[in-house]
Amino acid sequence: MASDDAGSEQESIPYKFGKTHEIGDIREQYGTLEPGRGTGEVVSVAGRILRLRRQGKVVFAELRDWSGSVQLFAGADFTERFDRLARCSLGDWIGASGEVVTTRRGELSVRVDTWELLALATLGFGDKWHGVADIDKRWRHREVDLWANEGPMTTLLTRSRAVRAVRSLLEDRGFVEVETPVLQPQPGGAMARPFVTHHNALDSDFYLRIALELHLKRLVVGGVERVFELGRAFRNEGLSPRHNPEFTMLECYQAYADYNDMAELTEQLVAGAAQRVVGRTVVTYQGRELDLTPPWRRATMTELVSEKVGQQVDLAAGRQQLSRVAEQHGLEVLPAWGAGKIMNELYESFVEPDLWQPVMVFDYPREVSPLARPHRSEDGLVERFEAVVAGRELVNAFSELTDPDIQRENFERQAEAKASGDPEAMAVDEDYLFALMHGLPPTGGLGMGIDRLAMLLTDSSNIREVIPFPTLRPAPDPTAG
RNA sequence: GCGCCUCUAGCUCAACGGCAGAGCAACGGACUCUUAAUCCGCAGGUUCUGGGUUCGAAUCCCAGGGGGCGCACCA
């Protein structure tokens with residue numbers, strides 16, 4: 001009987017439901033009402049039944065939509081099909097109409113006159129008190145996580161608002177949004193191992209992009225003076241609490257600007273997003289205060305490394321001295337590393353993890369920055385900075401390299417490294433060089449990890465919390481948990 | 001890839017070498033203002049998988065699988 005009944009109930013579910021209010025709005029408007037009051041306002045709300053308390057001829061249910069939850073108050077004397085309502089399962093979706101009231105105990109409620117079943121939850125969702133704690137299940141079946149636990153909906157909505165804020169801040173500054181190819185015959189714009197796929201009709205291998213950079217700069221060559229893309233990039237690398245193989249980047253490029261302009265833009269974007277999303281620019285992250293209010297501290301890599309190792313070091317000191325400093329601090333130096341690479345390693349190993357408040361780390365070695373323009377006054381350096389927040393790189397930006405000859409040299413040096421076995425090195429990108437030979441004006445460029453921005457604004461320690469369906473090993477059995 | 005930790009009912013967890021259990025959910029019932037409602041009843045298991053040790057294994061050992069954290073790589 002149960003299954004036949006359920007079958008006909010499925011068929012009787014309406015195709016739409018005219019809800020008049022978000023639950024959150026009702027709570028906002030009437031949340032302070034005294035006990036035992038009516039409002040005269042009749043509303044229709046819809047959502048999922050979170051809890052159900054049967055009391056004989058009267059039933060209390062907690063109904064949750066994505067804006068919040070409110071109690072439904074139903075009674076045999078005034079609610080249609082009362083007995084069926086009392087038999088609903090936790091997790092069922094219903095739409096209910098009635099007056100907004102408070103009960104004797106003062107709980108804000110919708111006193112249900114009429115209601116409709118909108119979906120049956122035939123699989124249980126988890127413990128009504130503990131929710132679902134199995135982290136594997138939460139990530140493989142986010143729909144369950146969203147319903148059973150409090151945090152994920154807030155995280156999802158916050159991320160959405162953060163992306164909207166970034167997009168709108170850029171549009172306010174005259175940037176136009178574009179979409180460039182994900183499938184590329186040759187990946188470029190970053191040093192990373194790509195994913196490979198195959199196009200049947202063209203009988204060609206393609207790579208999933210590892211960065212957005214080169215196509216966007218080609219658009220600048222074409223005259224698109226302020227351009228950005230918010231898009232997915234893919235890197236075939238290990239997973240970690242801070243790395244998902246597919247992740248979302250913002251890249252934007254501004255003609256006639258340099259990296260100092262990009263530093264200012266970085267502050268405006270991050271602080272602006274925080275302001276719009278959480279309402280302030282001082283946030284709490286993992287129990288510590290983080291002050292995103294501009295201006296951020298600016299320091300050069302040389303200064304920061306020197307400070308950390310307790311002696312003045314710079315590229316001019318040469319590979320030998322840097323190598324000695326590195327080894328004094330327990331850092332293994334590979335033979336292929338030049339002075340610049342050693343400096344970068346010193347920075348990444350000893351300085352970056354200890355930076356907490358936002359810092360703009362300026363002026364990277366040329367050796368580790370093949371797409372950035374040589375520094376206007378410092379030998380061996382490029383005009384590049386990374387913005388580090390909470391010990392992690394959030395933004396990477398340059399004065400873009402515009403000289404096709406230097407770009408070709410840099411590509412060729414990368415190609416040599418690739419030939420000698422570095423799977424992450426770049427290849428020579430002739431299409432990009434072709435574009436540069438048509439003239440890239442002075443341009444500032446910036447890349448930001450959107451997932452990491454979302455982590456900061458949602459106080460998430462694991463990137464998988466801000467990605468609804470993170471990359472996981474395929475489950476052998478889809479129902480296994 | 002390597003190291004450490006973890007996996008028991010739908011969910012949250014006990015049992016830690018001696019009969020696999022509780023709460024919640026589900027199912028049946030009582031109850032007209034509840035707040036994790038309460039009460040009565042009933043059912044629920046390949047203890048992740050496969051081997052081994054043992055009179056006896058959820059428990060100890062080995063191998064495999066899933067997941068987490070750390071390291072490495074990166075954003």
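Because only heavy atoms are used, hydrogens play no part in the values below, and waters and symmetry mates are left out as well, while side chains stay in.
- Among the heavy atoms of the strands lying under 4.0 Å from A:Asn244 is at least one base atom, whether or not backbone atoms are also near.
- Nearest to the side chain of A:Phe247, among B:A75, B:C71, B:A26, sits B:A75.
- Considering only the side chain of A:Asp77, B:U32 comes nearest among B:U32, B:A75, B:A72.
- Atom-to-atom, CD1 of A:Ile463 to C1' of B:C73 comes out at 14 Å; the value is rounded to the nearest Å.
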Return the polar atom pairs (N/O with N/O) between nucleotides 33-36 of chain B and the protein under 3.5 Å, or none.
residue: B:C33; atom: O2; partner: A:Arg104; partner atom: N; Å: 2.9
residue: B:U34; atom: OP2; partner: A:Arg105; partner atom: NE; Å: 2.4
residue: B:U34; atom: OP2; partner: A:Arg105; partner atom: NH1; Å: 3.4
residue: B:U34; atom: OP2; partner: A:Arg105; partner atom: NH2; Å: 2.8
residue: B:U34; atom: O2'; partner: A:Arg53; partner atom: NE; Å: 3.4
residue: B:U34; atom: O2; partner: A:Arg53; partner atom: NE; Å: 2.7
residue: B:U34; atom: O2; partner: A:Arg53; partner atom: NH2; Å: 3.1
residue: B:U34; atom: O2; partner: A:Gln71; partner atom: OE1; Å: 3.2
residue: B:U34; atom: N3; partner: A:Gln71; partner atom: OE1; Å: 2.9
residue: B:U34; atom: N3; partner: A:Gln71; partner atom: NE2; Å: 3.0
residue: B:U34; atom: O4; partner: A:Gln71; partner atom: NE2; Å: 2.9
residue: B:U34; atom: O4; partner: A:Thr103; partner atom: OG1; Å: 2.4
residue: B:U35; atom: O4'; partner: A:Arg53; partner atom: NE; Å: 3.4
residue: B:U35; atom: O2; partner: A:Glu107; partner atom: OE1; Å: 3.4
residue: B:U35; atom: N3; partner: A:Glu107; partner atom: OE1; Å: 3.2
residue: B:A36; atom: O3'; partner: A:Lys128; partner atom: NZ; Å: 3.3

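- Taking the centre of each ring, A:Phe73 and A:Phe60 come in below the 6.0 Å mark.
- Screening residues 327-358 of chain A for ring pair (Phe, Tyr, Trp, His ring centres under 6.0 Å), with sequence neighbours left out, gives A:His329-A:Phe350.
- The salt bridge (charged side-chain N to carboxylate O under 4.0 Å, His left out) check on A:Arg319 picks up nothing, with sequence neighbours excluded.
- A residue-by-residue look at A:Ser89 and A:Glu62 shows that A:Ser89 has its nearest nucleotide of RNA chain B further toward the 5' end.
- Rounding to the nearest 0.5 angstrom, the gap separating the CE atom in A:Met455 from the CG atom in A:Leu394 is 10.5 Å.
- A:Arg138 has its CZ atom 17 Å from the C1' atom of B:G66, to the nearest Å.
- The side chain of A:Arg54 contributes no N or O atom lying less than 4.0 Å from OP1 or OP2 of B:A37.
- Spacing between atom CG of A:Asp145 and atom P of B:C11 amounts to 14 Å, rounded to whole angstrom units.
- A stem is defined here as three or more consecutive Watson-Crick or G-U pairs, each with both distances under 3.5 Å; for RNA chain B these stems are B:1-7 with B:65-71, B:10-13 with B:21-24, B:27-30 with B:38-41, B:48-52 with B:60-64.
- Residue A:Gly56 is classed as a base contact, given a heavy-atom separation below 4.0 Å to a base.
- For the pair A:Leu90 CG and B:U12 P, the interatomic distance rounds to 15 Å; values are reported in whole Å.
- B:C61 and B:G1 have their P atoms separated by 25 Å, given to the nearest Å.
- Using modelled atom types, no side-chain atom of A:Ser44 and backbone atom of A:Ser97 make a donor-acceptor pair closer than 3.5 Å.
- A side chain to side chain contact (heavy atoms under 4.5 Å, CB included) with A:Arg159 is found for exactly one of A:Leu457, A:Ile450, A:Leu453, namely A:Ile450.
- When all heavy atoms are compared, the tightest approach of A:Leu292 to A:Val283 is CD1-CG2, 4.2 Å.
- Residue contacts for A:Asp451: at a heavy-atom cut-off of 4.0 Å it reaches no nucleic acid atom on any strand shown.
- Between the P atom of B:A72 and the CZ atom of A:Arg193 lies a distance of 18 Å, rounded to the nearest Å.
- When the P atom is used for both B:A57 and B:C48, the distance is 15 Å, rounded to whole Å.
- Nearer to the 5' terminus of RNA chain B, by closest-nucleotide assignment, is the contact made by A:Ile135 (compared with the other of A:Asn396 and A:Ile135).
- A:Asp459 places a side-chain N or O within 3.5 Å of a backbone atom of A:Gln286 that can act as its donor or acceptor partner.
- In this structure, A:Ser461 OG and A:Arg242 CZ are separated by 9.0 Å, a value rounded to the nearest 0.5 Å.
- With values rounded to the nearest 0.5 angstrom, A:Arg54 atom CZ is found 9.5 Å from A:Leu85 atom CG.
- Closest to the side chain of A:Arg235, from the set B:U32, B:A72, B:A75, is B:A75.
- Distance CG (A:Asn236) to P (B:G1): 12 Å, rounded to an integer number of Å.
- Between A:Phe398 and A:Tyr364, the ring center distance fails the sub-6.0 Å criterion.
- A salt bridge does not link A:Lys341 to A:Glu348: none of the charged nitrogens lies less than 4.0 Å from a carboxylate oxygen.
- To the nearest whole angstrom, the two P atoms, one in B:C62 and one in B:C71, are 26 Å apart.
- Taking atom P in both B:G64 and B:C4, one finds a spacing of 13 Å when rounded to whole Å.
- Rounded to whole Å, the separation between the P atoms of B:G51 and B:C24 comes to 38 Å.
- Residues that satisfy the side chain to side chain donor-acceptor pair (under 3.5 Å) test with A:Arg232, not counting sequence neighbours, are A:Glu246.
- If you check residues 327-344 of chain A against RNA chain B, you find no residue with a heavy atom closer than 4.0 Å.
- Rounded to a whole angstrom, the distance from the P atom of B:G45 to that of B:A9 is 11 Å.
- Considering only side-chain N and O atoms, A:Arg140 lies under 4.0 angstrom from the phosphate OP1 or OP2 of B:G67.
- In this entry the distance linking CD of A:Glu345 with C1' of B:C73 reads 10 Å, nearest Å.
- A:Phe385 does not carry A:Arg298 over the face of its six-membered ring by the limits of under 6.0 Å from the centre and within 45° of the normal.
- B:A20 sits 8 Å from B:A58 when the P atoms are compared, rounded to a whole Å.
- Between the CD1 atom of A:Ile467 and the P atom of B:A75 there is a distance of 16 Å, given to the nearest Å.
- When the P atom is compared between B:U6 and B:U38, the two are found 33 Å apart, to the nearest whole Å.
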